[in-house]
Trainee: 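Pasting a structure below so you can have a look.
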Amino acid sequence: MRQKITITGIVQGVGFRPTVYRFAQQFKLTGFISNTPSGVHIEVQGKNVDVLEFVKKLKTNPPILAKIDQFIATDIPIVFDEVEFAIVESVDTGFKNVEISPDIATCPDCLEDIFNPQNRRFHYPFTNCTNCGPRFSIIVDRPYDRQHTSMNTFTMCSLCQCEYEDPLDRRFHAQPNACAACGPKLHMLENDTFKTTGDLITLSAIHVENGAIGAIKGLGGFNIVCDPQNLQTIKRLREGKNRPHKAFALMMKNIEIIKQHCVVTKEHAQALQMPQAPIVLLKKKTKAFEHISPDNNYLGVMLPYTPVHHLLMEHLDLVVMTSANRADEPICIHDEDVKQLINLDIVDFALSNNRPIVHRCDDSIIQVIDKQKQFIRRSRGFVPSPLKVPGTFCGPSLSLGANMKNTFALQADNQVYLSQHIGELVDTRNYNFQKSQILDLANLLEVDHHNDTHCDAHPGYENFNKDFKQIYHHHAHMLSVMGEHQLLGKQVVGVICDGVGFGSDGNIWGFEFLVTPEDDHRDFIRVGHLKNFHLPGGDQATFEIDRIAISLALNNINALPVYFPSARSQMIATLIEKKLNAPLCSSLGRLFDGVASLLGLKNRVSYEAQAAMLLQRSAENISNNHLFEIDKYSTIIENHGGVQVIDYHSMIIEVLKDLENGINTDVIAYKFHVWIVDSIVTMLKKLGPTPVVFSGGCFQNALLTRLLSDAVDDLEVPYFFNHEVPCNDGGISFGQALV
Ligand code: ZN
Ligand code: ZN
Ligand code: FE
């Protein structure tokens with residue numbers, strides 16, 4: 001028999017053709033495979049049983065990096081005089097709809113090559129194959145072949161060329177294929193020196209051991225590396241990066257070392273060892289890294305994912321591995337950028353190479369809550385793989401995302417391509433990076449979006465344009481979960497627990513209950529929310545969070561703990577009274593800030609969500625121990641003309657009373673988390689038995705998400721969280737795309 005098989009998805013540049021070739025040899029089949037505009041086209045011919053076994057094997061054992069969307073096998077007439085199985089060169093097909101593979105961590109086979117002294121790639125730091133190595137970070141144009149990547153200036157030596165042309169070789173058509181004789185080389189930058197010779201990796205390791213701060217070129221940019229156990233070095237790094245408290249990620253040599261320092265469940269181990277090699281948040285086992293992540297119980301850890309990392313980690317068990325940049329600017333990708341960091345004395349040396357990075361791409365961050373993965377940041381290793389959203393769309397579109405943790409999204413047909421992490425758009429360098437990436441990605445993915453652009457409805461955002469389709473922030477959060485779980489067009493309640501977003505009444509929203517009308521997810525009704533409070537000083541209150549505490553306790557200002565100086569309390573109370581720059585808000589993130597400040601955990605924060613993390617950490621001290629039965633704060637929900645409003649006043653009064661009675665702040669923090677869960681559950685009961693979607697940055701709080709899931713389980717309605725896109729503002733562009 002003869003069968004024709006068409007396969008779509010990520011099937012090019014991932015070793016699909018050699019795999020098919022090998023299987024065809026194994027079952028003694030004739031026929032061919034060729035790339036098509038939308039995937040691959042295979043025809044196989046042989047004994048019935050062999051053809052069917054071949055199909056079964058290909059379905060169950062595709063190459064590890066392949067992602068099959070559609071697999072269609074049909075019988076076709078026998079062809080006579082066919083004697084072999086061939087890989088047919090694809091003549092210019094246009095390659096439309098063929099997905100571009102993301103960057104992938106070094107595979108086990110390549111590691112064997114790198115650490116085998118007999119192998120010709122022994123210690124070669126740019127070893128890769130069709131199963132691993134750089135992809136998105138080096139692609140300039142399509143189709144994906146060598147001359148369209150930043151490897152185009154390297155000519156393969158005869159040995160590499162043979163591998164590249166041999167269908168049975170692991171490096172068959174591996175576009176970045178290289179070896180020491182023909183490929184990229186390391187170099188080292190120090191103050192006035194440029195070294196290309198010597199063992200630069202060992203030298204870097206020695207520098208790090210001696211307390212130096214280095215920058216190492218990875219896949220999507222430079223990372224800063226240094227010794228996490230050297231307090232002096234970390235202090236200098238925090239000053240240099242202007243990052244006084246925020247956590248740094250660590251790279252550790254292997255899982256065994258990670259287990260010495262962190263709690264690693266089966267799911268965590270799986271996440272760490274994914275081919276995308278993300279940073280995974282893990283619970284700290286000891287106090288050893290308090291200075292690395294001072295505000296929470298977790299440590300962001302990743303495994304080595306390039307040959308350079310593996311070679312470096314031969315000498316070191318663990319290093320800081322954070323993006324090379326100052327504060328919130330884009331991560332460095334050029335030598336020129338890191339030279340600046342050297343000149344500013346932020347880093348001492350850079351281990352670089354002559355393989356240019358085309359697309360900047362920060363490390364991805366994942367956490368595991370109740371065995372489910374949650375993206376904190378979806379970037380390297382995942383971008384530009386599209387997210388599929390079944391259902392019909394109008395023409396192609398561009399969604400510009402939110403202002404913080406920005407990503408943008410290009411949408412074509414049923415696919416949404418979420419960009420890499422862009423960052424905070426108030427920084428013009430990030431804004432410019434966004435603009436250039438939009439052009440680049442739209443060109444690469446051939447998405448002509450020019451007639452349809454979506455932006456956040458906040459008139460103060462950098463991307464706001466009255467000619468664009470404006471989408472309310474929390475509506476976009478809601479849609480992001482609906483899109484992930486095929487709920488578009490269904491009636492659901494969206495519960496959004498978030499920082500801040502511009503609402504349709506002109507106020508700042510952030511703890512919202514929204515309902516989409518049946519059949520029309522493009523619209524929403526606000527059926528409930530947290531009662532508004534004032535943000536005295538506006539944006540200033542984001543960092544001076546004692547302003548929020550005073551605002552929340554306004555009617556009980558005399559009951560404030562002693563660490564609120566009365567002059568300041570009075571000044572802020574006056575601001576609110578006279579309505580001087582004190583906008584109204586219903587944000588849960590800001591409520592977290594205010595309660596954290598009431599408890600005396602912090603009055604000023606250096607980054608958003610710092611106080612919320614401290615409050616979570618404090619509450620986790622209780623939930624981890626289950627020491628005693630805990631009474632609850634009152635949940636009060638009032639009906640304001642059909643809109644259900646969660647009143648926080650009695651909760652605040654009860655918090656102040658607990659403080660006065662000397663109740664442990666950990667207990668109060670825990671009770672506050674329970675109060676949020678109770679408020680949500682009470683509200684959901686009022687709103688009736690409808691499926692629920694949860695989104696918003698507050699769900700990065702693993703304790704809140706866990707407590708809420710447990711409570712909602714009892715309601716017996718289906719409920720959904722974000723799993724494939726971040727629940728924070730990194731997922732906003734995805735939600736916008738679905739309107
Ligand atoms: Zn490999
Ligand atoms: Zn070579
Ligand atoms: Fe948000």
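Starting from 1, each residue takes its place in the sequence as its number. Atom set for the values below is all heavy atoms of this structure, side chains included, hydrogens, waters and symmetry mates excluded. We count ligands from 1, going down the list as the structure has it; atoms in each ligand are counted the same way.
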Trainee: Quick one: sort the F533 and Y648 rings into parallel, tilted or perpendicular, breaks at 30° and 60°.
Mentor: perpendicular

Trainee: Would you say the Fe ion (ligand 3) has H474 as a near neighbour, meaning an N/O/S atom of that residue under 2.8 Å away?
Mentor: no

Trainee: Should the pair H477 and H473 be assigned to parallel (<30°), tilted (30 to 60°) or perpendicular (>60°) ring geometry?
Mentor: perpendicular

Trainee: Do the ring planes of H359 and F136 sit parallel (below 30°), tilted (30 to 60°) or perpendicular (above 60°)?
Mentor: parallel

Trainee: Around the Zn ion (ligand 2), how many protein N, O or S atoms are closer than 2.8 Å?
Mentor: 4

Trainee: Between SG of C132 and SG of C129, what angle is found at the Zn ion (ligand 1), rounded to 10 degrees?
Mentor: 120°

Trainee: Is any side-chain heavy atom of N406 closer than 4.5 Å to a side-chain heavy atom of E462?
Mentor: no

Trainee: Do R526's NZ or CZ and the ring of Y472 fall within the cation-pi criteria of under 6.0 Å and 45°?
Mentor: no

Trainee: Could you check whether the rings of F115 and H310 sit parallel, tilted or perpendicular, using 30° and 60° as the cut-offs?
Mentor: perpendicular

Trainee: Rounded to the nearest 10°, what angle sits at the Fe ion (ligand 3) between NE2 of H473 and NE2 of H477?
Mentor: 100°

Trainee: Nearest N/O/S atom of D498 with respect to the Fe ion (ligand 3), by atom name, please.
Mentor: OD2

Trainee: Measure the acute angle between the ring planes of H458 and Y461, then classify it against the limits of 30° and 60° as parallel, tilted or perpendicular.
Mentor: parallel

Trainee: Using the Zn ion (ligand 1) as the vertex, how large is the angle between SG of C110 and SG of C107, rounded to 10 degrees?
Mentor: 110°

Trainee: G589 and C698: which non-hydrogen atoms are nearest, and at how many Å?
Mentor: N-SG, 3.9 Å

Trainee: What N/O/S atom of D729 gets nearest to the Fe ion (ligand 3)?
Mentor: OD1

Trainee: Without swapping roles, check the side chain of S551 against the backbone of H534 for a donor-acceptor pair under 3.5 Å.
Mentor: yes

